[in-house]
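All ligand and atom numbering here is 1-based and tracks the order in the structure.
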Amino acid sequence: MSTAPAVVRAHAGRFVAAVDQGTTSTRCLVFDHGGRVVSAAQSEHRQSFPRPGWAEVDALEIWRSTQRVVNLALARAGIGAEDVAALGLANQRETTVVWDRRTGRPVAPAITWQDTRATDVAAQVAAGPDGVLVEEITGLRPAGYFSAPRLHWLLEHVPGLERRARAGEVLFGTMETWLAWNITGGGDGGVHVTDVTNAHRTLLVDERTLEWDPRLLEVFGVPAAMLPAVRPNVGVVGTCRTLLPGVPLAGAFGDQQAALFGQACFDRGQSKCTYGTGAFLLANTGGSPVRAGVTESGLLSTVAYQLDGEEPQYAVEASIAYAGALVSWFRDSLGLLRTAPEVETLARQVEDNGGCYVVPAFAGLFSPLWDPDARGVVAGLTSYVTKAHLARAVLEATAWQTYDVVEALATGPGLTLDRLRVDGGMTANNLLMQTIADVLDVPVDRPLVAESVSRGAAYAAGLAVGFWPDLDVLRGTWRRAASWTPEMSADRRRRELAGWRRAVERTLGWVVPDEAEGTPPLLL
Ligand SMILES: Nc1ncnc2c1ncn2[C@@H]1O[C@H](COP(=O)(O)OP(=O)(O)O)[C@@H](O)[C@H]1O
Ligand SMILES: O=P(O)(O)OC[C@H](O)CO
């Protein structure tokens, strides 16, 4: 294993490649100097839900998909590795994998950010003095959403893992760490690195110094020997070997911070919301973390980005666990759609939700209520309600969840939005975009490249190797493609908000302790 930065090769390449390793799929996009997408490839991977509240993925399958999409994107662009100036990575955050550094095999399925099995670990920490310590150092409230409780769970449940971790035989990472290690050759040659945005969200890193904190490692029982080196988002960390040989691996980001960067929200006061599996609204707060009014309003203080050799920039984040995933459930588990875009066609068959509300608390509720014991409800059913009304309620769930977090941003840290920049897979849905503008009562803007996550990873890699000279040039590449302005009457907004709020109340505290499931053996 090596963590030394590689020598930057002269960037002859005319393109930058970015990998977006998301919750449901992995994509590779190739960008030119104008920030335009030259080619793209995408591959879905299996998600397993072996028990209620559990969510796992196979990290090896994700590594294979990554190789496939990178090779396919290059083939579609008609270019080779020699044409690529740099590679950037973005990833679903908090998803936790541990692997054997000699064989490269994961010791267990990767536990994704949607998995609730570590809720108790987090609750125990939160209830005692360690909870205060964690919050003071990280700015984050202990929750099963973050990586450290999951890592603790693995260390406890995989036989012999803690001993092997202390001996340095196994490595921990989130998905960008896993991919970087594999792309740079794996084994002793693979770089074992993470970036500041992903590292902070483990709950093991000091929000201000952005270094692993020994007191936090102690709280979660994590051996330092298994941790990657923490690096800025923009900067060369190694040279690709197994994929894009010779190309500098030059940028990495948690996907939501990548989207903030890709939307050119480099400055304090700028914000975006990304609508994918979940929805994540980040507002840039500049060079120091904002704490006042953040945790108590159900928001998170988070790292926005760090350029090599510069001070980190911070953001306030609102995390919504289920957005597009509710549409996927409506399609896959209920079988009411063939494709996700069909939800719009179905919802447009009716004028309103017919009195019906769907609250997707499948993995508890994240911002602003943070109730791990909440579970989903469909409320207001009558014989009048059809699947078209349900489709409308499914879309409205994303809009009202956005309303709730925008309200929390205003009443907590006092951040008000006068427009909202959006991106992500769900933004292809025009009815949803109109509904979001309607309930927020502010205009919504979608950029020309709605793949902001990939764009952010590409920007980071391109900046690191001088493909783009500075942030100003990147600001100039942002283009608005579509806008939606509010059309809903204040009266209707008030009425439907009241219905939504009543439905949310019914989800809270649903899980009762004597129904808690036992722990089955780990299946590899
Ligand atoms: N037209 C659409 N309307 C509503 N939801 C959609 C539409 N297209 C995709 N989705 C949802 O968006 C999600 C995929 O978005 P994406 O940004 O690729 O997510 P991720 O990066 O989390 O994997 C899926 O949950 C899918 O159901
Ligand atoms: O895969 P996404 O786009 O829903 O993003 C997942 C988040 O990073 C989880 O924190």
Side-chain angles (χ1 to χ4, degrees), residues 19-27 29 40 42-45 47 55 57 62 65 69 89-96 111-115 140 143-147 150 174-176 197-198 200-202 253-260 262 272-282 300 302 317-334 336-348 360 362-363 366-367 391-392 394-399 422-436 446 449-457:
V19 168
D20 168 10
Q21 200 302 289
T23 306
T24 56
S25 72
T26 305
R27 300 177 177 82
L29 270 67
Q42 180 173 6
S43 170
E44 294 201 351
H45 53 260
Q47 294 175 275
V57 286
I62 285 180
S65 311
V69 294
L89 302 176
N91 60 294
Q92 52 172 315
R93 305 166 303 171
E94 299 98 15
T95 295
T96 300
I111 306 179
T112 83
W113 62 276
Q114 293 177 305
D115 188 292
L140 299 169
Y145 168 43
F146 301 111
S147 315
R150 269 183 209 122
T174 36
M175 296 316 278
E176 88 297 351
T197 63
N198 277 295
H200 174 243
R201 296 174 76 95
T202 57
F253 259 123
D255 56 6
Q256 302 307 322
Q257 284 87 345
L260 189 72
K272 67 85 207 182
C273 192
T274 302
Y275 293 95
T277 302
F280 299 86
L281 201 166
L282 273 74
L300 308 175
T302 205
E317 171 174 326
S319 315
I320 295 167
Y322 268 71
L326 178 60
V327 176
S328 302
W329 175 79
F330 201 62
R331 179 195 59 195
D332 303 333
S333 300
L334 298 191
L336 292 171
L337 308 167
R338 274 184 307 111
T339 64
E342 275 180 18
V343 72
E344 180 168 358
T345 320
L346 189 56
R348 281 191 187 279
F362 289 61
F366 285 13
S367 300
R392 199 146 189 133
V394 159
L395 294 179
E396 288 174 0
T398 290
V422 297
D423 54 71
M426 287 189 100
T427 61
N429 190 313
N430 292 311
L431 176 61
L432 174 62
M433 295 303 101
Q434 181 61 53
T435 309
I436 292 170
R446 187 176 64 202
V449 178
E451 298 272 9
S452 302
V453 173
S454 298
R455 198 169 155 122

ask   = Where on Leu432 is there a heavy atom closer than 4.0 Å to ligand 1, on the side chain, on the backbone, on both, or on neither?
value = neither

ask   = Do Gln47 and Thr277 have side-chain heavy atoms sitting under 4.5 Å apart?
value = no

key: Distance in Å, Thr197 OG1 paired with Gln256 CD, rounded so as to fall on 0.5 Å steps   = 10.5 Å

message = I need the Ile111 CD1 to Ser147 OG distance, nearest 0.5 Å.
response = 10.5 Å

key: Thr26-Gln21 side chain donor-acceptor pair, cut-off 3.5 Å   = yes

Atom 3 (N) of ligand 1: nearest protein contact (heavy atom, Å) = Asn429 ND2, 3.0 Å

request  = Just grab all the side-chain hydrogen bond (donor to acceptor under 3.5 Å, both in side chains) pairs involving residues 423-434, residues at least two apart or on different chains.
outcome  = Gln263-Asp423, Thr274-Asp423, Asp423-Ser452, Gln434-Asp438

inquiry  = Can you tell me how the ring of Tyr145 sits relative to the ring of Phe280, calling it parallel under 30°, perpendicular over 60° and tilted otherwise?
reply    = parallel

query = Taking distance alone, with no angle check, do Gln42 and ligand 1 share an N/O pair under 3.5 Å?
reply = no

Polar proximity ligand 1 side, Gly425 side, N/O cut 3.5 Å exclusive = yes

request  = Evaluate the side-chain proximity of Thr23 to Gln114: yes if any heavy-atom separation is below 4.5 Å, no if none is.
outcome  = yes

ask   = Can you find a non-hydrogen atom of Met426 under 4.0 Å from ligand 1?
value = yes

task = Around atom 18 (O) of ligand 1, find the nearest protein heavy atom and jot down its residue, atom name and distance.
result = Arg27 NH2, 2.4 Å

Met426 side, atom CE; Leu395 side, atom CG - distance, nearest 0.5 Å = 6.0 Å

query = In terms of residue, atom name and distance, what is the protein heavy atom nearest to atom 26 (C) of ligand 1?
reply = Ser328 OG, 3.7 Å

ask   = Is the closest N or O pair between Thr277 and ligand 1 shorter than 3.5 Å?
value = yes

query = Judging by distance only, is a nitrogen or oxygen of Gly424 under 3.5 angstrom from one on ligand 1?
reply = no

task = For Pro341, take its heavy atoms, then give the atoms of ligand 1 lying under 4.0 Å from any of them.
result = 1 (N), 2 (C)

request  = Show which atoms of ligand 1 fall inside a sub-4.0 Å distance from at least one heavy-atom site of Val343.
outcome  = 3 (N), 4 (C)

ask   = Closest non-hydrogen protein atom to atom 10 (N) of ligand 1, residue and atom name please, with distance?
value = Ala340 CB, 3.8 Å

ask   = Would you say the side-chain atoms of Arg27 pair up with the backbone N or O of Glu451, donor to acceptor, closer than 3.5 Å?
value = no

query = What does the list of residues with a heavy atom under 4.0 Å from ligand 2 look like, ordered by chain and number?
reply = Gly22, Thr23, Gln92, Arg93, Glu94, Trp113, Tyr145, Asp255, Gln256, Thr277, Gly278, Phe280

ask   = In ligand 1, which numbered atoms sit nearer than 4.0 Å to a non-hydrogen atom of Thr24?
value = 20 (P), 23 (O)

request  = State, with a plain yes or no, whether a side-chain heavy atom of Trp113 is found less than 4.5 Å away from one of Thr95.
outcome  = yes

query = Would you say the side chain of Glu344 lies within less than 4.5 Å of the side chain of Leu432, judging by non-hydrogen atoms?
reply = no

query = Any chance the side chains of Thr302 and Gln257 put a donor and an acceptor closer than 3.5 Å?
reply = yes

